[in-house]
Amino acid sequence: MALDSPQYEHPFGHLIDTLLSEQYEERRYFNLQKLSDVRYEKLPFCMRVLLESAIRKCDGFYIKTDDVSSILDWQTQQNQAEVAFSPARVLLQDFTGIPAMVDLAAMRDALAKQGVDPNLVNPRCPTDLIVDHSLQIDYSKCAIQSPPTPTDESHGAAVRSPAGRPSPRGSSSSGHCAGQRPGHQGGCSKASCSDAPSGRSAAVQIENTPLLCPFHLQPVSEPETMIRNQEMELIRNKERLQFFKWCSKAFKNINVVPPDINAVHQVNLEYLCQVVQEGEGFIYPDSVVGTDSHTTMINGLGILGWGVGGIESEAVMLGQPVSLTLPQVVGCKLVGTINPLATSIDIVLGITKHLRQAGIGGKFVEFFGPGVQQLSAPDRTTIANMCPEYNATVSFFPVDDVTLQHFKHTSCSEEKLVVLEDYLKAIKLFRSYSDQSDEPQYSEVIEMNLSSIVPHVSGPKRPQDRVAVTCMKEDFINCLNEKVGFKGFHISKEKQATQVPFLHEGAEYNLGHGSVVIAAIISCTNNCNPSVMLAAGLLAKKAVEAGLTVKPYIRTSLVPGSGTVTHYLNTSGVLPYLRKLGFEVVGYGCATCVGNTAPLPESVVDAIKQGDLVACGVLSGNRHLEGRLCDCVRANYLASPPLVVAYAIAGTVSINLEIEPLGVNSEGKDVYLRDIWPSKEEVNHTEENIVIASMFKELRSRMEKGSTFWNRLESAESALFPWDPKSTYIRCPSFFSKLSKEVCTPQSIEGAYPLLFLGDKVTTDHISPAGSIARVSAAAKYLQSKRLTPREFNSYGARRGNDAVMTRGTFASIKLQNRLIGKTGPKTLHIPSGQTLDVFEAAERYQRDGVPLIILAGKEYGSGSSRDWAAKGPYLMGVRAVIAESFEKIHRNHLVGMGIAPLQFLPGQNADSLELCGKERFTINLPQELTPRQQLTVQTSTGKSFSVTALFENDMDVAFFRHGGILKYVARSLLL
């Protein structure tokens, strides 16, 4: 029943309050401060979000007043009490989203057959489905490895498509750029730019577009490689995309983001997050569960969220809460001042390392302390995104002034910002670091001094050999002294001061050990964070303004990871300064990292050889093995983009950047790195005001326009999905084949055979593989019967919308160890006949004979990645129960959600101690009135009897099991 329904008497109705202001219309909310409970004041902020949801959603069945009491008593109930949580929304990506939407479409069919309006079936919780997991790289080509060859008459020579055929787009024969990719036809005219073979262009005005010619920095059409990959994506996944298009029109409360917009978590951060939601007549904190472990990124903006399994997310979509044990919350206190030379990457990796060493697996982390205000919103989301790396469930940053400042640069309206701030302050969910009087209490507190994070480089030969920038000169000298090895070059002391003069472009220079001859800024991988690229640009700007230069013989280059990087470097006004120091955009692709560096000037090479010098390369990529950049460059260092610029200006790595000057300006004055290094405030200001604002504007525009293909894609207009019997991707599952209005009392499982007899740590990968479909598997036989060739099989993950494929793929892992057959493989023993068959074929034969099935297993059954088909597959095979020593919690929930009984051996017992061989028949007596964690009796055909615990944790679990799973439970609620 809706919260604003006049018939609904809410147990916490006395907490309802009104938010009043002249700046906006009044809003109703549950004012948790009216509890007048000192326990609330001491709760961590993330626990306050759980409490607000429990109070608002309290209905006496799904969420009870006991849940509210347990959260208020969090200090004593952590790691003990089980509570229910109803998030504000659900986030799906297409691989995990398609089975959920197929189930809803099938539910509509089932209700229509019962004479019920199918339009009643909709997600009850707002759901966003982002189609971003469909793209595969069928075509690729490194632009730098095969650049277009200029001719006398034009910039472009004939080019060939990635498949080796003449490109349908042809080459440019009219004085236009041939473009960055094979077959790309650009729009850059010969008259408007320089065609220098080196790839450096004249200073030209750059258009604000992410698609630029890498050689001439002029607007170009989309590269053919990208277009071809997108075309293949749309052809390969047309059935799935048509289904998603139908879902977007047929269902209420579902928002489908089409392909080629952005990655799921980027869309979540930049478009979907609200911080404060409005619905059912109330405002309340935003929260989310998503079908990906990196959903945790959203916690950086003060929005509670984490990753869950497919069936759990489906349950939330259908209005059911998530069940969780109240977690321990570790307070991570950040103190100290960030080192001025430390970049965002240094900070994120430093905090990640600290938390990994702290041993916080399975816990919530909440950040507090004066150091938090030094972290920008992108820094916080990146730290929260790293949760899987240090095994935390969430890393929560409460909303504060930094968060509000971030949202001012997004599409958030002024009114929304005022409402957001007033509401969060009204219920004490807004963090003020100036007021330490009401500091929350945590399970434990770990402290980290941000001053301890110092900038590092890696080298000179291996990425794992990290060197603090302040120790760089000392470390390089040690490398010269050491024997040849992972770090040493074994240069005698009398030769370490060698200086070799040489001429370059008419001027004389000197090279010595440590001289920088290659400096490359690359943003494709670990340095794609806008802040570090902007820091490099701002440093270049200050260096140019201070009169510093880069020696012309140093091979400098700038290779952005995408045109978007070039776009924001240009928009922020720093690109001309990078160009002034020689850091030209030379293209988009793998370049210096893979050794695609243009040859060094001959005079430089001769000088290096003459003095047997250890010359250096500095780059911001991820590969730098000895000699990889150039065979005469023996020492190579990985550094952040601004440090690449700094070492290029210094001309050597044998320098202590803290106390030695980078160079001398035109007035003869020493200029130090500290004089031109941009402050974190400068970088954050540029990032928030220019980059983020531009990115949000672009994403909103793309969201509103959609892609041409998506807009033209045809789909049915009907309330029921028109299933195509020929489809091998989308198929109506049989979950509702025997749906009735009446709920049958639990039927005892009589005379069941074990389908499998398994050991410990059987993972969801063993139960439901997600990778390629083996040619000899049951799923392959099915697809071949549909006249598909092995090349057209695709993967189990791509075919999650077809229950026939997924059921045949259940227990199809080649690593499955089944004690019934005594060897590894996707086989089992059909006990009545004694035949060894594919697991699916054996299950099919049992079902044909009307024989129920169980699974015997050891410890940690269902561990690993959460996977819905690891429960759906066994259900469709006819498995009624799993008897194991222990279960992974999420998988246990999934089994209950599909109507399979998770039964646990009593402590100290297992299949071996009970002397079970796995070939017996089992009868499990189920009472008519099941209760949570009830002990049941199991009898075998050999006369043995033993007890097991039914792992139904609450009344809701029992209700789901009695109905045959959550899908039937929800369907029946619409039949009544």
Side-chain angles (χ1 to χ4, degrees), residues 341 343 345-346 349 454-500 510-522 525-527 550-551 553-557 591-597 600 604-605 607-658 660 662 673:
L341 299 185
T343 67
I345 298 299
D346 295 316
L349 294 180
V454 296
H456 284 76
V457 297
S458 295
K461 301 181 181 183
R462 302 187 305 175
Q464 61 264 45
D465 295 325
R466 302 183 72 208
V467 184
V469 170
T470 53
C471 302
M472 182 66 161
K473 183 174 184 177
E474 178 185 354
D475 187 81
F476 181 74
I477 293 173
N478 289 338
C479 290
L480 294 180
N481 291 327
E482 288 184 18
K483 293 182 179 179
V484 175
F486 290 133
K487 292 197 68 170
F489 297 102
H490 202 247
I491 304 297
S492 60
K493 288 190 179 294
E494 60 271 16
K495 292 185 178 181
Q496 290 180 13
T498 299
Q499 292 286 314
V500 180
N510 289 303
L511 283 183
H513 293 291
S515 291
V516 174
V517 293
I518 295 174
I521 300 175
I522 303 161
T525 52
N526 59 330
N527 285 308
V550 173
K551 295 179 176 62
Y553 61 80
I554 297 176
R555 183 66 71 192
T556 52
S557 61
T592 310
C593 281
V594 294
N596 290 337
T597 303
L600 296 177
V604 172
V605 175
I608 293 172
K609 291 180 178 179
Q610 179 183 336
D612 190 26
L613 300 177
V614 179
C616 298
V618 185
L619 67 153
S620 66
N622 60 1
R623 291 289 185 274
H624 68 331
L625 304 177
E626 183 179 9
R628 182 166 188 160
L629 306 190
C630 181
D631 57 5
C632 63
V633 179
R634 286 189 274 172
N636 298 297
Y637 289 90
L638 298 182
S640 65
L643 285 176
V644 171
V645 177
Y647 281 114
I649 294 170
T652 180
V653 299
S654 186
I655 180 176
N656 186 332
L657 293 176
E658 193 172 41
E660 296 182 63
L662 279 178
L673 181 61

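We use all heavy atoms of the structure for the numbers below, so side chains are in, but hydrogens, waters and symmetry mates are not. Bear in mind the structure is a predicted one, so any value in this text is a computation, not a measurement.
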If you take all heavy atoms of Gly514 and Cys616, which pair is closest and at what distance? CA-SG, 3.6 Å

Rounding to 0.5 Å, atoms CZ (Arg466) and OH (Tyr637) come to a distance of 14.5 Å

Which residues satisfy the salt bridge (charged side-chain N to carboxylate O under 4.0 Å, His left out) test with Glu658, sequence neighbours excluded? none

To the nearest 0.5 angstrom, please state how far the OG1 atom of Thr343 sits from the CG atom of Leu643. 7.5 Å

Test side-chain contact (heavy atoms from CB on, under 4.5 Å) applied to Ile518 and Leu619, step by step: CA-CA 8 Å; Ile518 295 174; Leu619 67 153; over 6 Å; no

Note, Ile554 side chain near Val517 side chain (heavy atom, < 4.5 Å): no

Report the C-alpha separation of Tyr647 and Val469 in whole Å, then their side-chain angles, then the decisive distance to 0.1 Å, and conclude whether the side-chain contact (heavy atoms from CB on, under 4.5 Å) test is met. CA-CA 11 Å; Tyr647 281 114; Val469 170; 3.8 Å; yes

Given 3.5 Å as the limit, does a donor-acceptor pair link the side chain of His490 with the main chain of Val484, or not? no

Are Leu657 and Leu662 packed together at the side-chain level, in the sense that at least one heavy-atom pair is separated by less than 4.5 angstrom? yes

Which residues pass the side chain to side chain contact (heavy atoms under 4.5 Å, CB included) test with Asp612, not counting sequence neighbours? Arg634

Got a sec, which residues hit side chain to side chain contact (heavy atoms under 4.5 Å, CB included) with Lys495, two or more places apart in sequence or on another chain? Ile491, Ser492, Thr498

For Ser515, which residues count as a side chain to side chain contact (heavy atoms under 4.5 Å, CB included) partner, sequence neighbours excluded? Leu511

Which pairs would a plain distance check flag for residues 474-481, meaning a side-chain donor or acceptor within less than 3.5 Å of a matching protein atom at least two apart in sequence or in another chain?
| unit_1 | atom_1 | unit_2 | atom_2 | d |
| --- | --- | --- | --- | --- |
| Asp475 | OD1 | Lys487 | NZ | 3.0 |
| Asp475 | OD2 | Lys487 | NZ | 3.1 |
| Asn478 | ND2 | Glu474 | O | 3.3 |
| Asn481 | OD1 | Lys493 | NZ | 3.4 |
| Asn481 | OD1 | Gln496 | NE2 | 2.4 |
| Asn481 | ND2 | Ile477 | O | 3.3 |

Distance-minimising heavy-atom pair for Val550 and Ala648: CG1-O, 3.8 Å

Who pairs with Gln499 by side chain to side chain contact (heavy atoms under 4.5 Å, CB included), at least two apart in sequence or on another chain? Asn510

Which pair of heavy atoms, one from Ala615 and one from Val633, lies closest together, and at what distance? O-CG1, 3.6 Å

For Cys632 and Val605 the tightest heavy-atom approach is SG-CG2, 4.3 Å

Testing the basics here: between Ser620 and Val644, what is the closest heavy-atom pair and its distance to 0.1 Å? N-CG2, 3.8 Å

Nearest 0.5 Å please: distance from the OG atom of Ser640 over to the CG atom of Asp346. 6.0 Å

Which heavy atom in Met472 sits nearest to a heavy atom in Val457, and how many Å separate them? SD-CG2, 3.7 Å

Just wondering, do His513 and Leu613 contact through their side chains at under 4.5 Å, heavy atoms? yes

